[in-house]
Amino acid sequence: MADLNGALIGCGFFAVNQMHAWQDVAGAKIVAICDRDPQRLKIVGDQFGIERRYSDAAQMFADGGFDFVDIATTVQSHRALVEMAAAHKIPAICQKPFAKTLDDAKAMVKVCADADIPLMVHENFRWQTPIQHVKKVLEDGIVGDPFWGRFSFRSGYDVFSGQPYLAESERFIIEDLGIHTLDIARYILGDVTQLSARTRRINQSIKGEDVATILLDHGSGATSIVDVSYASKLSTEPFPETLIELDGTEGSIRLTQGYRLEVNGRNGTEVSDVSPRMLSWASRPWHNIQESVFAIQQHWADCLSVGGETSTSGADNLKTFALVEAAYESAASGQAVDIGSMLR
Ligand code: NAD
Ligand code: 89V
């Protein structure tokens, strides 16, 4: 079967990972790129040998010649670009955060459903190798039914040098990073019915919150904590590892720093190394994220060629995005927030 041809919009900091990953994906390749910043367009075009270059996404869609679009811009442009893709009936991948508001996200899902095109959110953290291992242990029933969990990302990494816009946003850690951790909590323990959140801003030179603690009630009856921080000064910097604790009716799982997985279950205690692969273009400490970028893009190419909904479809991501909105609402009001009513 011929390769799927893709176009990528937004040639910034993170798109370089996406472009590398597309080179490794079987069955898809990028044939056109777009960025309104001519310098970024040239850097990425030259690095990856892409001849078709656009400063205007509307012009690129009008010219066509591609089977899907990968939207790698920051959130402000997501709705307009997804709507443009739907208008041209082009299947779309959209980076996280999916939208500025839940209402925008719902509208984006609807416009793609109405146009009958697949829409996937580039929510890659659940595709990380260690997270996939945890999911498999649960699915194999080794620890029984999980009734409690903790999903933790605590770091002192300077995320602002690579992504300076993060220091300027009124909403920071929940919208940018907690969104991944909340998605992992949903992926592992199922959908959430209610949550409560508390936030803090420790780093006074940024605008948004950099610490959040979120208590989740899952529909399964499990309870979990999602805690995220960019203000944690640790002896060994764990960025960008998500650490997981799960207690089940028959055992427990601990994913600890250094990609160490300890499973205490029906077969006794087993410890394994679940480190991500170091792809040829990857670099530490980002290799965990970089491998998941390849994995989610391969998943997209596979689903697009044979059909079937992606794991992080737009519709699925509404349920993660609602948790982000709810966390801000709860932190502001001090009250628990019901998730079901937000999704109706
Ligand atoms: P960036 O600012 O470095 O890059 C964005 C690029 O998009 C810029 O070059 C800008 O000129 C271009 N752009 C913006 N609007 C445009 C438009 N309408 N048309 C054409 N070009 C446009 O941002 P970044 O750090 O690369 O982040 C991009 C997205 O990726 C963000 O949503 C961010 O949250 C997400 N991200 C995801 C991960 C992950 O692991 N999933 C990691 C980092 C960043
Ligand atoms: O995923 C992200 O958007 C990134 C990072 C992992 C560094 O938080 O900002």
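Counting convention: from 1, in listed order, for ligands and their atoms alike. Since we're looking at a predicted model, the values are computed, not measured. Numbering starts at 1 and runs along the sequence shown.
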Asker: Write out the residue and atom name of the closest protein heavy atom to atom 9 (O) of ligand 2, then the distance separating them to 0.1 Å.
Answerer: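 Scanning the protein heavy atoms, the shortest distance from atom 9 (O) of ligand 2 goes to D176 OD2, 2.6 Å.
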Asker: Note the single closest protein heavy atom to atom 3 (O) of ligand 2, along with its residue, its atom name and the distance in Å.
Answerer: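 Checked against all protein heavy atoms, atom 3 (O) of ligand 2 sits closest to K96 NZ, 2.4 Å.
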Asker: Under 4.0 angstrom from ligand 2, any heavy atom of F153?
Answerer: no
Asker: Just let me know how F172 lines up against ligand 2, side chain, backbone, both or neither, with a heavy-atom cut-off below 4.0 Å.
Answerer: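 F172 to ligand 2: no contact under 4.0 Å from either part.
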Asker: Does E123 come within less than 4.0 angstrom of ligand 1, counting non-hydrogen atoms of the residue?
Answerer: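 No, E123 has no heavy atoms under 4.0 Å from ligand 1.
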Asker: Tell me which protein heavy atom sits closest to atom 37 (C) of ligand 1, plus the residue, atom name and distance to 0.1 Å.
Answerer: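 For this ligand atom, the closest protein heavy atom is Q95 OE1, 3.2 Å.
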Asker: Relative to the heavy atoms of L177, which atoms of ligand 2 are at a distance of less than 4.0 Å?
Answerer: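 Listed by number with element: 8 (O).
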Asker: Please check if atom CD in Q76 has more than 12 non-hydrogen atoms from other residues, nucleotides or ligands closer than 6.0 Å.
Answerer: yes
Asker: Tell me, which protein residue and heavy-atom name are nearest atom 27 (O) of ligand 1, and how many Å apart are they?
Answerer: Y165 OH, 3.1 Å
Asker: I'd like the name of whichever of W127, Y54, F13 reaches closest to atom 3 (O) of ligand 1 through any heavy atom.
Answerer: F13
Asker: Below 4.0 angstrom, N of the basic side chain to O of the carboxylate: do D191 and K319 qualify?
Answerer: yes
Asker: Counting neighbours of NZ on K110 that are heavy atoms of other residues, nucleotides or ligands and sit closer than 6.0 Å, is the number greater than 12?
Answerer: no
Asker: Under 4.0 Å, heavy-atom basis, I'd like to know which part of A57 is in contact with ligand 1: side chain, backbone, both or neither.
Answerer: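 Neither part.
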Asker: Is there a salt bridge (charged side-chain N to carboxylate O under 4.0 Å, His left out) between R198 and E209 once you walk through the steps?
Answerer: CA-CA 10 Å; R198 300 290 181 270; E209 84 292 349; over 6 Å; no
Asker: Record the part of V293 in heavy-atom contact with ligand 1 below 4.0 Å; permitted values are side chain, backbone, both and neither.
Answerer: neither
Asker: Which of the numbered atoms in ligand 1 are below 4.0 angstrom from a heavy atom of F125?
Answerer: 40 (O)
Asker: What atoms in ligand 2 come closer than 4.0 Å to a heavy atom of Y230?
Answerer: 5 (C), 7 (C), 8 (O)
Asker: Take every heavy atom of F125, measure it against each atom of ligand 2, and state whether any distance is under 4.0 Å.
Answerer: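 For ligand 2, residue contact (heavy atoms, under 4.0 Å) with F125 is present.
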Asker: Under 4.0 Å from a heavy atom of I289: give me the atoms of ligand 1 that qualify, with their elements.
Answerer: 40 (O)
Asker: Run the salt bridge (charged side-chain N to carboxylate O under 4.0 Å, His left out) check on E262 and R254 step by step: do they pass?
Answerer: CA-CA 5 Å; E262 182 179 307; R254 296 292 183 267; over 6 Å; no
Asker: Taking only heavy atoms of F239, which atoms of ligand 2 are found under 4.0 Å from at least one of them?
Answerer: 7 (C)
Asker: Specify side chain, backbone, both or neither for H180, according to which of its non-hydrogen atoms lie closer than 4.0 Å to ligand 1.
Answerer: side chain
Asker: Could you list the atoms of ligand 1 found under 4.0 angstrom from a heavy atom of D37?
Answerer: 11 (O)
Asker: Evaluate the criterion salt bridge (charged side-chain N to carboxylate O under 4.0 Å, His left out) for residue pair R53 and D46; output intermediate values, then yes/no.
Answerer: CA-CA 10 Å; R53 302 177 190 181; D46 289 355; 2.8 Å; yes
Asker: Under a 4.0 Å heavy-atom limit, does D176 contact ligand 1 with its side chain, its backbone, both, or neither?
Answerer: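 The part of D176 near ligand 1 is the side chain, not the backbone.
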Asker: For atom 12 (C) of ligand 1, find the nearest protein heavy atom and state the residue, atom name and distance (0.1 Å precision).
Answerer: D35 OD2, 3.3 Å
Asker: Kindly identify the option in T73, V75, V121 whose heavy atom sits closest to atom 22 (C) of ligand 1.
Answerer: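 Looking at heavy atoms only, the winner is T73.
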Asker: So, do W286 and F13 have ring centers that fall under 6.0 Å from each other?
Answerer: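 So the answer is yes for these two rings.
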Asker: With a 4.0 Å cut-off on heavy atoms, is P97 in contact with ligand 1?
Answerer: yes
Asker: Report the part of R36 (side chain from C-beta onward, or backbone N, CA, C, O) that has a heavy atom under 4.0 Å from ligand 1; answer both or neither where that applies.
Answerer: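 Answer for R36: both.
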Asker: Let me see the working for Y165 and F172 under ring pair (Phe, Tyr, Trp, His ring centres under 6.0 Å), right down to the final yes or no.
Answerer: CA-CA 10 Å; Y165 57 90; F172 168 42; 9.6 Å; no
Asker: Should you measure from each heavy atom of A72, which atoms of ligand 1 turn up under 4.0 Å away?
Answerer: 28 (C), 29 (C)
Asker: Suppose I only count heavy atoms of G10 and a 4.0 Å limit; which atoms of ligand 1 are within that range?
Answerer: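 Once the distances to G10 are compared, the set is 6 (C), 7 (O), 12 (C).
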Asker: Out of all atoms in ligand 1, which are within 4.0 Å of some heavy atom of R40? Include the element for each.
Answerer: 9 (O)
Asker: Please work out, at 4.0 Å between heavy atoms, whether the side chain, the backbone, both, or neither of F160 comes within that distance of ligand 2.
Answerer: neither
